[in-house]
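Written out below as structure tokens is the structure these notes cover.
Every chain is numbered from 1, with letters handed out A, B, ... down the list of sequences.
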Number of protein chains: 2
Amino acid sequence: MPFTNDELDDILKHFKKEAIPKNQMLVRQGEVSKTLYFIESGLGRSYYLNQAGKEITQWFFGSGKFMASADSFFQQCPSLYFIEVLEDAVIYSITKEKLDELFDTYPKMEKLGRLVTTEMLTKVVNKLNAIQFQTAKERYEYMLAEFPDISYQVSLGHIASYLGMTQETLSRIRKSNSRK
Amino acid sequence: MPFTNDELDDILKHFKKEAIPKNQMLVRQGEVSKTLYFIESGLGRSYYLNQAGKEITQWFFGSGKFMASADSFFQQCPSLYFIEVLEDAVIYSITKEKLDELFDTYPKMEKLGRLVTTEMLTKVVNKLNAIQFQTAKERYEYMLAEFPDISYQVSLGHIASYLGMTQETLSRIRKSNSRK
DNA sequence: TTCACTTTTTGATATAGGTCAAAAGAAAAT
DNA sequence: ATTTTCTTTTGACCTATATCAAAAAGTGAA
């Protein structure tokens, strides 16, 4: 993005840099989320509780990515998701108000916002297609391709629910893959 | 959106209004799509061909909605999807270049763009959750709730593939619903 | 009205992946 | 070190939905 150094300085001043230890919860279901996070290092995930009260991973956020309960942050409605930090992280955060300020000051930022959302949209659509029409095994392979790093850092159960299968099934898939 | 009448006039001038008959193809897989469509009336769908060569409906677009092969239009890459008109339609279309012109002239438009994408994102996430963790019957009910009109206008096979099930299964679900 | 073609329904059978329960393995806490 | 707790693996069994095949119903053209 073509910002001058002065602009960049000003923009970065609006963000707060923090070290966040693992297992910390950043957003709770039902809260209106006021903060957008950018992950410098570490790992986060969003999840929700299904009818049976089971945690369903909705998304993983790796380093270099923006993390938010998208619906809640952008529409300022109660979040459907929890967001938690899975690995000790360094995170830049910004409130909705400050971000909107930036959007007003720097129209170029709107573009950035639009591009970030569009990228996210593309990824979600990809996952949708993977989930909808691939076997459990193929979905796991899609995940290995899309988030190679994450597959090792994260517990089986988190990944399984992300991929829409039980952890038993994922365990069996891993076993059958390793035999070969 | 707070535009003056002059602005609105200018914006609308960039769009082309057209009547498009049913069964017309607007975007083909592999093409880079240069056009964004807004459906005044009528109905469209996007779909792709899976490995077996079967058409898989990816999305339905009803009146009052924007329609595009999102990845292709926004990132200007070859489209993964076909887009076709299912019911005679009246459509406003705009090219990528003209839209970008508008974005440059009217920063407020960026915001609009961002909001449209965000809304889309929310819907895709909803569908993802429906597909990922609900039974075939529940998915059909989700569809009846989300697109009540579409369920009647569209062929069984199109809907079944959209919902990630076979048409036989959908036919049986409809039968069991009507018995009650 | 009949013929060709498409879409939907029905039936029989197969299977991927879910569920439940328990064992084994790791990690954390005392 | 040892106990407690959490995570992963394994096994047996079951069910929702896919697949395959054929019949029935619907649609449109000649």
Side-chain angles (χ1 to χ4, degrees), chain A residues 21-25 43 45 47 49-57 60 82 84-88 129-144 150-180, chain B residues 21-25 43 45 47 49-57 60 84 86-88 129-144 150-180:
Chain A
K22 72 188 267 189
N23 294 326
Q24 186 162 325
M25 196 78 78
L43 182 62
R45 74 156 180 153
Y47 68 93
L49 302 175
N50 68 3
Q51 296 92 322
K54 228 186 98 189
E55 293 182 4
I56 306 294
T57 301
F60 293 110
F82 295 87
E84 68 175 3
V85 170
L86 293 178
E87 300 289 338
D88 292 352
N129 292 333
I131 292 280
Q132 191 162 4
F133 295 104
Q134 292 180 233
T135 62
K137 186 169 186 171
E138 288 167 333
R139 276 177 268 157
Y140 181 57
E141 272 146 22
Y142 142 85
M143 158 123 199
L144 286 180
I150 287 176
S151 323
Y152 297 100
Q153 304 168 37
V154 172
S155 89
L156 188 80
H158 290 353
I159 295 177
S161 74
Y162 174 78
L163 292 175
M165 64 185 76
T166 61
Q167 54 178 32
E168 291 94 329
T169 297
L170 181 53
S171 171
R172 288 178 178 121
I173 288 170
R174 280 190 167 168
K175 187 184 175 191
S176 90
N177 281 349
S178 68
R179 263 198 285 98
K180 282 181 264 176
Chain B
K22 71 190 267 188
N23 295 327
Q24 186 163 326
M25 196 78 79
L43 181 63
R45 74 158 180 151
Y47 68 92
L49 301 175
N50 69 3
Q51 297 91 320
K54 227 186 98 188
E55 292 182 4
I56 306 295
T57 301
F60 292 110
E84 69 176 1
L86 293 177
E87 299 291 336
D88 292 354
N129 292 333
I131 291 281
Q132 192 163 3
F133 295 106
Q134 291 180 232
T135 62
K137 186 168 185 171
E138 288 167 333
R139 276 177 269 157
Y140 180 57
E141 271 144 25
Y142 143 84
M143 158 123 198
L144 286 180
I150 288 176
S151 324
Y152 296 100
Q153 304 169 36
V154 172
S155 89
L156 189 79
H158 289 352
I159 294 177
S161 75
Y162 174 79
L163 292 175
M165 64 185 76
T166 61
Q167 55 178 30
E168 291 93 329
T169 296
L170 181 52
S171 170
R172 288 177 178 123
I173 288 170
R174 280 190 167 167
K175 188 184 174 193
S176 90
N177 282 348
S178 69
R179 263 198 286 97
K180 282 181 262 174

Pairwise distance OG1(B/T169) to NZ(B/K137) - rounded to 0.5 angstrom | 13.0 Å
Roughly, in whole Å, what's the span from [atom1] in [X] to [atom2] in [N]?
| X | N | atom1 | atom2 | value |
| --- | --- | --- | --- | --- |
| B/L170 | C/dT7 | CG | P | 15 Å |
| A/K54 | C/dC20 | NZ | C1' | 13 Å |
| B/N50 | D/dT19 | CG | C1' | 14 Å |
| B/Q134 | C/dG18 | CD | C1' | 17 Å |
| B/I131 | C/dG17 | CD1 | P | 15 Å |
| A/M165 | C/dT19 | CE | P | 13 Å |
| A/R174 | D/dT10 | CZ | P | 13 Å |
| B/Y140 | D/dT17 | OH | C1' | 17 Å |

Take the C1' atoms of the five end pairs on each side of the helix from C/dT1-D/dA30 to C/dT30-D/dA1, get both axes, and report the angle to 10 degrees.
-> 50°
Among [options], the nucleotide that comes nearest once only the side chain of [X] is considered:
| X | options | answer |
| --- | --- | --- |
| A/R172 | C/dT10, D/dG11, C/dG17 | D/dG11 |
| A/Q167 | D/dA18, D/dT9, C/dT9 | D/dT9 |
| B/T166 | C/dT9, D/dT8, D/dA18 | D/dA18 |

Begin from the C-alpha positions of B/S151 and B/M143 and carry the test side-chain contact (heavy atoms from CB on, under 4.5 Å) through to its verdict.
-> CA-CA 8 Å; B/S151 324; B/M143 158 123 198; 4.2 Å; yes
Nearest-nucleotide wise, let me know which of B/I173 and B/E168 is further upstream toward the 5' end of DNA chain D.
-> B/I173
Give a yes or no on whether the backbone of [Y] and the side-chain of [X] come within a donor-acceptor separation of less than 3.5 Å.
| X | Y | answer |
| --- | --- | --- |
| A/T57 | A/I159 | no |
| B/R139 | B/A130 | no |
| B/Q132 | A/Y162 | yes |

Any residue of residues 151-164 of chain A with a heavy atom less than 4.0 Å from an atom of DNA chain D | A/S155, A/L156, A/G157
Among all residues two or more places apart in sequence or in another chain, which pass the ring-ring contact (aromatic ring centres under 6.0 Å, His included) test with A/F82?
-> A/Y47
What pair of heavy atoms forms the shortest contact from A/V85 to A/P21, and how long is it?
-> CG1-O, 3.8 Å
Mind running side-chain contact (heavy atoms from CB on, under 4.5 Å) on B/N177 and B/Y140 for me, showing each step along the way?
-> CA-CA 11 Å; B/N177 282 348; B/Y140 180 57; 3.9 Å; yes
Given side chains that start at C-beta, do those of B/L49 and B/K54 come closer than 4.5 Å, heavy atoms only?
-> no
Looking at [X], I'd like to know whether one of its side-chain N or O atoms comes within less than 4.0 Å of OP1 or OP2 on [N].
| X | N | answer |
| --- | --- | --- |
| B/T169 | D/dT17 | no |
| B/S171 | C/dT9 | yes |
| A/K175 | D/dT10 | yes |

